[in-house]
Structure formats: C-alpha cells, structure tokens
Amino acid sequence: MTPFEPLDRAELAGAATDVARNLLGTVVVRDDGAGLRVGRIVETEAYGGPEDRASHARAGRTSRTSIMFGPAGRAYVYLVYGLHHCLNVVCGADGEAAAVLVRAVQPIAGIERMRRARGAAGSDAKVAAGPARLCEALGIDRSLDGLDLLTDDRLRLAAPGTGPARLEPGEQVVVGPRVGISYAGPEWATRPWRFGIAGHAALSRPFPTAA
DNA sequence: ACGCGGATGGCCT
DNA sequence: GGCCATCCGCGTA
C-alpha cells in the first residue's frame, strides 16, 4: 500500500471551509478486523456553528451535536432519515462547533467488500458516491461516533504525503451550494460550501454549472 | 431524462 | 408532532 501519512491535527483545527477543501485527495481507512477498505475523498461540505442555519449545531450544544463542539479530528457520525448514516470530520477550535461532511470517496482498496456491503449495484466509481452510500460501503455507523480519526485503528484519516496539496496533476477543485439544506434559507443555502474534484466520476452528483 | 414517494427513527420544539 | 446534511425504484416521456 502507498505510504499514507497521518494528517496533522493542527490542519483540522482551521475553518471548516478550509478543512473541507484540504480534505480533498486524502483517504479514509476503515479496518473492521476483516480487511482494509480505503477510499479517497473527492467531495465534502463545510458546516458551522449555531449561526449556520444548515448545521446540526444550529440548536446549540445538544447530546447529539456535542461532539461538533469538541476538539478537531474526531468523527461525528449520525443517522439521517431514520436509515442512513453520514460521516463528518470535526474541525475548528475546541469549544466552537464545526465539521466537514464527507460526501463521496473513490474506492482505492477493498472494493469487493464495498460492493458486497452495498448490494453490488452500479459501477465501482459510484459505490461510495454519496454520504450514506460511503458509510454503507465502508461499514460506518453510530458505533464509531466520537472516535479520534487520527489515532483510532477502526477508522483513520490519512494522506499520500504531507501538506495540503494532495490532488493529482490536472485535478481542480470545484465549489457549489450544499446539498439538501434548502430549509436553511437563501443566505445559507446558497453559500459555496460544497467542495469537489471537478469532473470526478465518484462525485455524488454534478456541481451546478456557473451561471 | 426527468419527477415522485416510501422507508424509518432519532432529534428538537 | 414535525422534520430531516438520503437513496432507490417506479412511473411518465
């Protein structure tokens, strides 16, 4: 396997929008004891604190969201629509709520396990293209909520090489509005807080083309 | 190529 | 009691 380096926690302690952009190209390593599954992050979204009407932290610190207010580098895993899980990377300063939703990964290793976990539909590139799909493909659920993504063997964040430049030559970052949060109102629903690798086959859905 | 609705349960008011 | 940071399958073209 390629020499993945652990991410720097200080890097994750920055603003959610910076972290969301810089996580593109890093990898999620899942080890459930029965083999590794690795996915390269190709799509993210930034979420803020109580001021962000689209964030789970909009209601302040609650039992579900308290992890978002903690130190950077932990996993925030929640259940949405009663049946799907979503994975976030907690970021920002300790005491402030911020997180990055991981929306899509490109399968790198353990692809057959991912396909099996998902019921074997679609192409390899689309097996983890979507926040709930990637959790199903990697076997991520609430039992992993709160773990430290920089030290825990079950679920780890790493990167090929150090530093923020992790995209392949020719790859470009594309931005757009966050998905599925129109209830938050125009001011928040239109912010370009969704980040992706332009044109990548593993994106959950296309980015709207510039007006 | 679209649009629509059902599944399903935790969380907040 | 109402609302979701979703996905899939079915319907009409």
Side-chain angles (χ1 to χ4, degrees), chain A residues 12 15-17 19-21 23-24 28 39 41-70 72 74-92 96-107 114-146 149 155 174-196 201-209:
Chain A
L12 299 178
T17 47
V19 175
R21 180 184 294 258
L23 281 178
L24 296 176
V28 177
I41 297 175
V42 300
E43 183 183 337
T44 59
E45 280 176 0
Y47 287 88
E51 73 286 353
D52 179 0
R53 303 312 296 162
S55 173
H56 284 178
R58 63 187 178 273
R61 189 192 289 250
T62 68
S63 61
R64 179 177 63 155
T65 61
S66 64
I67 190 70
M68 283 185 71
F69 289 80
R74 309 242 275 260
Y76 168 43
V77 182
Y78 65 88
L79 189 65
V80 70
Y81 297 113
L83 60 166
H84 298 303
H85 295 277
C86 293
L87 169 68
N88 293 253
V89 180
V90 173
C91 56
E96 293 179 6
V100 171
L101 171 67
V102 185
R103 285 194 54 88
V105 301
Q106 165 194 2
M114 296 191 204
R115 294 191 66 91
R116 224 174 306 137
R118 294 245 27 248
S123 66
D124 282 358
K126 293 293 184 190
V127 79
R133 289 172 178 171
L134 83 85
C135 283
E136 192 175 25
L138 295 176
I140 295 169
D141 62 28
R142 297 258 322 255
S143 70
L144 303 180
D145 185 38
L149 289 163
L155 189 64
V174 61
V175 304
R178 294 175 289 180
V179 174
I181 52 120
S182 55
Y183 62 86
E187 177 188 347
W188 295 97
T190 58
R191 290 199 183 204
W193 284 8
R194 178 185 175 214
F195 301 86
L203 292 178
S204 66
R205 63 179 73 182
F207 278 71
T209 57

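Atoms considered below: every heavy atom in the structure, side chains included; atoms not considered: hydrogens, waters and symmetry mates. The chains referred to below are lettered A, B, ... by the order of the sequence lines, with proteins before strands, and numbering in each begins at 1. Since the structure is predicted, the reported quantities are computational estimates derived from the model, not experimental observations.
In summary, A/Glu45 and A/Arg103 engage in a salt bridge, as defined by a charged side-chain N under 4.0 Å from a carboxylate O. Looking at A/Asp124 and A/Arg115, a side-chain N of the basic residue comes within less than 4.0 Å of a carboxylate O on the acidic one, giving a salt bridge.
A/Ala54 comes within contact range of at least one nucleobase, with a heavy-atom separation under 4.0 Å. Note on A/Arg64: only backbone sugar-phosphate atoms sit closer than 4.0 angstrom, heavy atoms only; bases stay farther off. As judged by a 4.0 angstrom heavy-atom cut-off over every strand, A/Ile181 is placed among residues touching the sugar-phosphate backbone only. Counting non-hydrogen atoms under 4.0 angstrom, A/Arg142 reaches the backbone sugars and phosphates but no base.
Checked options A/Val100, A/Val175, A/Thr44; the residue passing with A/Arg21 is A/Val175 (criterion: side chain to side chain contact (heavy atoms under 4.5 Å, CB included)).
For A/Arg58, no side-chain nitrogen or oxygen approaches OP1 or OP2 of B/dC12 to under 4.0 Å. Residue A/Tyr78 has no polar side-chain atom (N or O) positioned under 4.0 Å from OP1 or OP2 of C/dC4.
For A/Arg53 and C/dA5, the CZ to P distance is 12 Å, given to the nearest whole Å. Atom NE2 in A/His85 sits roughly 14 Å away from atom C1' in B/dA7 (whole-Å rounding). Between A/Tyr81 atom OH and C/dC7 atom C1' there is a gap of 10 Å when expressed in whole angstrom units. Atom NE2 in A/His84 sits about 15 Å away from atom P in B/dG10, given to the nearest Å. Rounded to whole angstrom, the span from the CZ atom of A/Arg194 across to the P atom of C/dT6 amounts to 10 Å. Whole-Å rounding puts the A/His56 NE2 to B/dG10 C1' distance at 11 Å. C/dC7 atom P lies 7 Å from atom CZ of A/Arg205, rounded to whole Å. Between A/Asp141 atom CG and C/dT6 atom P the separation is 18 Å, expressed in whole Å.
Figure legend. C/dA5 is base-paired to no nucleotide; pairs are counted as Watson-Crick or G-U wobble with both atom distances under 3.5 Å.
A/Tyr78 does not carry A/Arg142 over the face of its six-membered ring by the limits of under 6.0 Å from the centre and within 45° of the normal.
When the nearest nucleotides of DNA chain B are assigned to A/Leu83 and A/Thr65 by heavy-atom distance, the more 5′-ward of the two goes with A/Leu83. Both A/Val80 and A/Ala59 sit near DNA chain B, but only A/Val80 has its closest nucleotide nearer the 5' end.
In this structure, A/Tyr47 has its ring center no closer than 6.0 Å to that of A/His56.
For A/Leu79, the listed nucleotide lying nearest its side chain is B/dG9; candidates were C/dA5, B/dG9, C/dC7.
Ring stacking holds between A/Tyr47 and C/dA5, with the centres under 5.5 Å apart and the planes within 30 degrees of each other.
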